[in-house]
Structures are given as structure tokens and as C-alpha cells.
**Student:** 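Could you have a look at this structure, given as C-alpha cells, before my questions?
We name chains A, B, ... by the order of the sequence lines, and we start the count at 1 in each one.
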Number of protein chains: 2
Amino acid sequence: MTIYDISEKAGVSIATVSRVLNGSSNVSEKTRKKVLDVIDRYGYTPNAFARGLGLNTMKTIGIMCADSSDLFLAKAIYYIEQKLRANEYDSILSCTGYEHKNKAASMNLLLNKKVDAIIMVGSNFIYEEAERNKYIADAAAQVPVMLLNAYVDIANVYSIVSDDFMSMYEATNYLLSTGVTDPIYFYASTSYSGKKKLSGFKAAMELGNLLDSPDRMQFFSGSHEDIPAMTAQLCLLRQKGLAFHGVVAADDTLAIAAVKYAMEEGLRIPEDLSVIGYNNSMLTQCCIPELTSIDNTLEILCEHLIMTLMEVFNGKEMPKKAVFSGQLIKRSTTL
Amino acid sequence: MTIYDISEKAGVSIATVSRVLNGSSNVSEKTRKKVLDVIDRYGYTPNAFARGLGLNTMKTIGIMCADSSDLFLAKAIYYIEQKLRANEYDSILSCTGYEHKNKAASMNLLLNKKVDAIIMVGSNFIYEEAERNKYIADAAAQVPVMLLNAYVDIANVYSIVSDDFMSMYEATNYLLSTGVTDPIYFYASTSYSGKKKLSGFKAAMELGNLLDSPDRMQFFSGSHEDIPAMTAQLCLLRQKGLAFHGVVAADDTLAIAAVKYAMEEGLRIPEDLSVIGYNNSMLTQCCIPELTSIDNTLEILCEHLIMTLMEVFNGKEMPKKAVFSGQLIKRSTTL
DNA sequence: ATTAAAAATGTAAGCGCTTACATTTTTGCG
DNA sequence: CGCAAAAATGTAAGCGCTTACATTTTTAAT
């Protein structure tokens with residue numbers, strides 16, 4: 001059933017059918033109804049390819065992320081998909097993995113599908129060395145590129161970020177204010193937002209002259225889901241003689257590992273060990289006591305991201321970067 | 001840069017260009033190279049819409065799921081996306097939510113985008129009443145429909161399921177074999193696989209004549225992530241006087257709630273309370289002791305699903321239903 | 001009633017590709 | 001070398017839609 005069939009049955013031209021399909025105002029009420037009736041009776045749906053070919057868009061957005069099953073990224077994707085759909089856009093998903101190799105290739109696949117924009121979820125798409133970010137610039141030359149929780153200064157790329165530096169700074173300060181003087185920072189990512197968080201921690205510690213040992217910044221290099229290994233690393237740290245009564249974690253998963261560490265070592269939380277997580281995920285509810293964490297208002301970020309994108313589509317000039325502050329959710333792993 | 005530009009610069013016809021692009025064998029090595037060189041130099045990528053219009057496919061699969069941020073569904077989507085990409089297909093994601101309303105509409109949106117198949121992830125797309133599943137039959141009339149962890153007998157729909165009945169039956173039997181005689185079953189979904197699991201539990205209990213009270217089947221009706229509410233429900237159950245020394249949970253999240261319940265009530269695990277979860281997610285690592293759970297070999301299911309789909313595309317006759325058995329992963333919440 | 005402007009409708013030319021079919025070139029064998 | 005078959009290449013007709021432009025119809029002011 002094509003537009004020709006409909007036009008014939010309705011006794012009008014294909015242009016007229018196309019017009020009622022696209023809600024053009026230049027159609028008399030009478031013919032509009034006539035066409036709609038025919039469509040109704042015979043059940044026509046436009047051919048998306050032909051339409052795409054004519055309009056040069058299929059209202060589809062490419063979403064890139066490292067791992068769609070990561071707790072945080074999955075939530076982000078969920079929100080983004082919702083908001084896109086509300087704006088009548090579909091989303092093509094592409095998971096690139098954490099390895100730094102096939103990002104450009106992934107992006108090209110999306111671009112070849114003629115997506116109208118690309119949304120990069122998470123901060124591990126940005127390289128230190130500017131020239132390696134060329135693939136982003138190349139994409140941005142074709143369609144708007146949106147970054148969630150990452151920033152890079154390239155034309156036609158827009159960033160929506162949470163203020164990770166400030167969040168971590170405040171979280172650390174809060175921990176210090178409860179009397180902890182020797183916390184460690186536990187992190188697993190050195191991406192854009194990873195760096196911001198780390199700086200936040202450092203800034204707070206340096207303020208109090210508390211940063212005595214580089215060991216206080218504990219980097220975990222294992223799998224993002226390997227909680228036992230994370231716990232083991234903390235146990236080892238203690239065995240090596242580093243004393244700490246607080247853990248500031250860059251992710252709730254790492255924080256849960258800290259809670260387990262405490263349980264294994266027989267430490268009371270928060271009396272003997274305070275723990276602060278990040279992302280305020282469901283993991284905060286998984287332990288006793290429940291986890292203090294930082295909520296980065298992800299849904300708001302996503303909402304703003306999509307809103308910005310729609311405005312860009314409308315040709316409106318939009319800020320290249322929007323920063324949203326997070327919120328410390330105090331629960332029971334801190335005093 | 002279109003195929004015309006390339007053909008002109010290479011001094012051949014557009015048909016020839018198209019042929020080298022599609023790897024047709026009817027091209028001499030010399031001209032193939034010539035065309036490839038030009039493409040290389042000028043950087044041409046085919047227009048996906050025009051291609052789609054000609055071939056009537058864009059190698060895109062629609063994925064439907066209730067909530068892409070659910071731990072289990074997110075993993076499934078991740079695997080599916082991976083395997084699809086390995087087969088040079090892209091995936092369009094559509095999250096429908098758990099409400100039973102706009103599934104058909106969602107499906108039509110995907111169909112209108114001319115996806116080559118639809119994959120429904122999770123079992124809450126199947127209705128009891130056969131006539132409500134008409135929207136699936138309608139879709140299946142157009143493209144193959146794949147169901148992950150659900151089954152319905154409709155032409156052109158293929159099911160890949162884990163043997164939830166047997167898994168739960170064995171899990172329950174195992175629990176009983178450790179000496180627990182009064183477990184409760186804790187569940188939150190009455191979908192296809194939800195029912196299977198419940199039957200598995202019941203079967204094992206009835207075998208031992210242990211199913212004394214309907215209260216032993218505890219349905220949780222709150223949000224899928226509201227662990228505190230789950231915990232509260234168990235506490236309440238105990239206050240109401242129902243004794244239980246084991247919890248068989250239909251999902252790791254519910255199992256975590258049971259672990260928290262034990263901690264709050266001061267019960268030792270597994271001595272005073274045994275807990276078995278389901279899905280073997282990362283949550284099993286989040287508590288101490290670590291959670292005994294059922295692994296439903298999700299990656300294998302997904303692999304098989306995509307394999308089946310590809311065979312269907314190739315016109316091969318495939319079984320309408322493939323069942324994979326799960327595996328009880330014994331950890332420390334059971335004796 | 002006349003007529004210019006506005007509204008509705010129709011015509012046809014793309015959009016960039018694939019592919020059946022036609023034509024030309026190459027191959028290999030008598 | 002001649003010729004038929006095979007291989008390579010070209011021509012052109014779609015695929016189903018949008019839309020600029022042309023044409024017809026309606027509206028409304030004189």
C-alpha cells in the first residue's frame with residue numbers, strides 16, 4: 001500500500017495525500033477527511049526509507065556508551081530513550097566497550113545510518129590528546145554531538161555535565177567534618193569526570209593539609225563489577241599498614257566493596273569506617289547501614305540534554321556546556 | 001558525494017560502482033581497484049536511505065523491553081546489541097514501561113521504522129488472554145519476532161527461554177535438602193517466567209507436603225528497586241507470626257531484601273535464614289555472606305537468540321522454542 | 001458580475017541507490 | 001583468425017516519498 005494506491009482510491013493526487021500525511025495546512029477539510037478515511041480503511045503506513053530519502057532524516061538519534069549494562073549508564077540510556085521518544089525520535093544504541101579502539105568505527109557506523117545526532121553517554125570517549133578527539137570533530141561536522149558528563153571544546157558539540165568536582169569536594173568536606181581525618185579515595189576511572197572527582201577529593205584534603213600519602217588515592221584496575229576484588233584491595237591496603245577510617249568512593253559499587261571490607265574486618269560503620277558512594281544508585285539500598293551517596297540528578301541532566309538537542313535542531317544557539325550540581329544524600333554510612 | 005560522483009571520477013557507470021560496493025563478482029579486478037581508489041580518495045559513504053529504499057532493509061532490529069535500566073534486562077540488551085553488531089545489524093531500542101498499555105503502539109513505531117525483526121526482551125509482553133496478543137501476531141506477519149524468556153504459540157515468533165520452572169524447582173529442593181522446611185517464596189512478577197518460577201517452587205514444596213499456607217507465597221507489589229519496602233514486607237510477615245527459615249526469591253533484588261531483613265532482625269545467615277536469589281547478578285556480590293543464586297546463562301540465551309534470528313533470515317526452518325537450563329550457583333547464604 | 005488574490009490541487013522532478021536487461025568486451029577453442 | 005560463450009559494463013527503470021512550480025478552484029472585494 002503506497003501513497004499512489006491511496007491517492008487513487010481517494011481520487012486525489014499523491015501530492016495531496018502527502019500533504020495530509022504531513023499535516024500541511026493547504027488542504028481543504030473535505031479532502032483531508034476523504035484521504036484519512038481511505039487510509040483508515042486500507043491501513044496505510046508510509047515507507048520510512050522513501051521518507052528518509054526525501055527528507056534526509058528518519059528522526060533517529062545514535063547513542064554511544066561503553067557498556068549499557070553498567071548501572072549508571074543504563075539509567076542514563078533509559079532516561080534518554082524516554083525523552084527522545086517523547087519528542088518522536090528513536091534511538092539506535094551502540095555499545096563500544098571500555099577499550100579505546102573502535103570508538104571512531106562505532107561512530108561511523110551510526111553516522112552511516114544517517115542518525116540526526118549522536119549522544120555520547122559517559123566520559124570515556126574523550127582523549128587527553130586533542131588530536132585523538134578528531135573523530136568527534138568529524139562527527140560534529142555532520143550532526144550535533146551531545147556529551148553526557150564529558151566536555152571537549154569542539155564546534156557543534158554540546159556538553160551536559162554534573163559538577164563532579166564540587167560534588168566530591170563537598171562530599172569529602174562533609175566526611176572530614178564528621179571527624180574523619182584519614183580517608184582514602186577509591187576510584188576506577190580516569191576519564192573526564194573521573195578526573196574531576198579526584199580533583200574534588202584532593203582539593204578538600206589539601207585544604208586541611210590531610211593528603212599525607214599518595215596511597216590515599218587508591219586506583220582499582222579490575223572489572224567494574226568485580227566487588228570481591230575491590231574488597232580485597234582494601235584489605236590488602238590495610239595489611240600494608242595504611243590506616244584509614246573513611247572511604248570516599250567514586251562509584252557506589254566501590255563503596256559497597258568498602259562496606260564489605262568493613263564487615264570482613266569486623267569494623268563498625270560508621271563508627272570505625274565511614275563510607276560515601278557516588279551516583280546514588282539502587283546499590284545504596286543494598287547494604288546495612290544504607291549508603292551515603294551523591295545524587296547527580298541524572299534525570300534532570302538527561303532532560304536538559306534532550307531539550308538542548310531539540311533546540312539545536314530548531315536552529316537555536318545553545319550554550320556549549322551546562323553544569324548541574326549534585327546533591328549529597330546522607331544516609332547511615334557516615335556519622 | 002553520491003554514487004554518480006564516484007562513477008564519473010572513476011570513469012565507469014553507476015551500476016559498476018554499485019557492484020563493487022556490493023561485492024558483486026562480475027567486476028574485473030582492474031575496475032574494482034579503480035573505483036575503490038576513487039572512493040578512498042574522495043571518501044564516499046552510501047546513503048542509507050536510498051539503499052534501504054532499494055533493498056527494503058536497513059539491517060536494523062527493534063528491541064523492546066519494559067525497562068532498560070533493570071539489572072537483568074540491561075544485561076540482556078547489552079548482549080543482544082553485541083551479537084547483533086557482530087552480525088552487522090544495528091538495534092533500535094524501545095522501552096515500554098511495565099504498564100500494559102502502549103506495547104502495541106511501541107511495536108508499531110518500530111515496525112514503521114522498517115526494522116527487520118523485533119526482539120522482545122522479558123516476559124511481560126505476553127498476555128493471558130490470547131486475543132490480546134494479537135499485536136504480536138500482527139507484527140509477526142511482517143517480520144520475525146523473537147522472545148527472550150517468554151513463549152507464545154504464534155507463527156513466525158521464536159522463543160528462547162531459560163527453564164525457570166526447573167531452575168526454581170531445583171533451587172527449592174536444594175534449600176529443602178539443607179534442612180529448611182518452612183521457606184517462603186518472594187516474588188514480584190506474574191509474567192510468563194514469573195509463573196514458571198512460582199510453579200517450580202510449588203512443585204518442590206508439594207513434593208514434600210510442605211506448602212501449609214498461601215502466605216508462603218509472598219507477592220511484592222511495589223517498585224522493582226524499592227529494597228526497603230521489600231525488607232519491610234518480610235519484617236511484617238514475621239510480626240504476623242509466620243515462621244520461615246528460608247527465602248526463595250524470584251530475583252536477586254528480592255533476595256538482597258531478605259538478607260537485609262535478616263540483618264535487621266539479628267538473624268544469622270545461613271544458620272537462622274537461608275536465602276536463594278535469581279539471575280546471578282552483581283547483587284550477589286553485594287552482601288555478606290554472598291548470595292546463592294541461579295544463573296540462567298543469559299549470554300548463551302542471547303547468543304542463541306541471535307543465531308536463530310540469523311538463520312530465520314536465511315530462510316532456514318528453526319524450532320519455535322529453545323529451552324536452556326539454568327545453574328544453581330551455591331554461595332554462602334545457604335548451608 | 002468581474003477580477004485579483006488566496007487557497008487547493010496537480011504535475012513532475014528529484015532523492016541515491018539496486019538490478020533486470022541490453023550492450024560491449026574479453027576469453028578460449030577450433 | 002573467427003566465433004560463440006562468458007565476463008564485464010552500461011542503460012534505464014524503478015523503490016515511495018517530498019516539494020517546487022504550475023494550474024485550477026474558491027474567496028471576497030469592487
**Student:** Mind calculating the distance between CG (A:Asn26) and C1' (C:dT9) to the nearest angstrom?
**Tutor:** 10 Å
**Student:** Would one find a side-chain N or O of B:Ser28 under 4.0 angstrom from OP1 or OP2 of D:dT9?
**Tutor:**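 True: B:Ser28 side-chain N/O within range (under 4.0 Å) of D:dT9 OP1/OP2.
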**Student:** Are any of the side-chain heavy atoms of B:Phe72 and B:Asn296 separated by less than 4.5 Å?
**Tutor:**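 Side chain of B:Phe72 against side chain of B:Asn296, heavy atoms only: contact under 4.5 Å found.
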**Student:** Report the distance from atom CD1 of A:Ile3 to atom P of C:dT11, rounded to the nearest whole Å.
**Tutor:**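 My rounded result for the distance is 14 Å.
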**Student:** Any chance the rings of B:Tyr151 and B:Tyr158 have centres within less than 6.0 Å?
**Tutor:** no
**Student:** Any base atoms under 4.0 Å from B:Asn56, or only sugar-phosphate, or nothing? Heavy atoms, all strands.
**Tutor:** nothing
**Student:** Check whether any side-chain N or O of A:Thr2 sits under 4.0 Å from OP1 or OP2 of D:dG16, and answer yes or no.
**Tutor:** no
**Student:** Would you mind reading off the distance between B:Arg19 atom CZ and D:dG10 atom P, rounded to a whole angstrom?
**Tutor:**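 The distance from CZ of B:Arg19 to P of D:dG10 comes to 8 Å, rounded to the nearest Å.
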**Student:** Determine the contact category for B:Ser18: base if any of its heavy atoms lies under 4.0 Å from a base atom, sugar-phosphate if only primed atoms, P, OP1 or OP2 are that close, otherwise nothing.
**Tutor:**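 B:Ser18: base contact, heavy atoms under 4.0 Å.
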**Student:** Please give, in whole Å, the distance from D:dT18 P to A:Met58 CE?
**Tutor:**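 These atoms are roughly 13 Å apart.
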**Student:** I need the CD1-P distance between A:Ile14 and D:dG16, as an integer number of Å.
**Tutor:**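 After rounding, the gap between these two atoms is 12 Å.
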**Student:** So does B:Asp37 pair up with B:Lys33, basic N to acidic O under 4.0 Å?
**Tutor:** yes
**Student:** Taking OP1 and OP2 of C:dG10, is either one under 4.0 Å from a side-chain nitrogen or oxygen of A:Thr16?
**Tutor:** yes
**Student:** What residues in residues 31-53 of chain A put a non-hydrogen atom under 4.0 Å from any atom of DNA chain C?
**Tutor:** A:Thr31, A:Leu53
**Student:** Distance to the ring centre below 6.0 angstrom and angle to the axis at most 45 degrees; does that hold for A:Lys9 and A:Tyr42?
**Tutor:** yes
**Student:** Give one of base, sugar-phosphate or nothing for B:Ser7, where a contact means two heavy atoms less than 4.0 Å apart.
**Tutor:**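 Counting heavy atoms under 4.0 Å across all strands, no contact is made by B:Ser7.
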**Student:** So, B:Asn156 side chain and B:Ala140 main chain: donor-acceptor pair closer than 3.5 Å or not?
**Tutor:**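 Yes.
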**Student:** Would you indicate which nucleotide in D:dA8, D:dT18, C:dT9 comes nearest to any side-chain atom of A:Leu55?
**Tutor:**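 Ranking D:dA8, D:dT18, C:dT9 by closest atom to the A:Leu55 side chain puts D:dT18 first.
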**Student:** Is there, by distance only and without an angle test, a donor paired with an acceptor across the side chain of B:Tyr4 and the base of C:dC17 below 3.5 Å?
**Tutor:** yes
**Student:** Distance only, no hydrogens: is a donor on one side chain within 3.5 Å (strictly under) of an acceptor on the other, for A:Lys114 and A:Asn56?
**Tutor:**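 Short answer, yes.
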**Student:** Could you state the CG-P distance from B:Leu21 to C:dG16, rounded to the nearest angstrom?
**Tutor:**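 B:Leu21 atom CG is separated from C:dG16 atom P by 15 Å.
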**Student:** Please answer whether the main-chain N or O of B:Ala50 pairs with a side-chain N or O of B:Asn47 as donor and acceptor at a distance below 3.5 Å.
**Tutor:**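 Yes, the answer is positive, given that a donor and an acceptor are paired below the 3.5 Å cut-off.
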**Student:** Output the rounded distance in Å from NZ (A:Lys59) to P (D:dC17).
**Tutor:**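 One finds 18 Å between P of D:dC17 and NZ of A:Lys59, rounded.
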**Student:** Nearest-Å distance, NZ (B:Lys114) to P (C:dC17)?
**Tutor:**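 Taking atom P of C:dC17 as the reference, NZ of B:Lys114 is at 19 Å.
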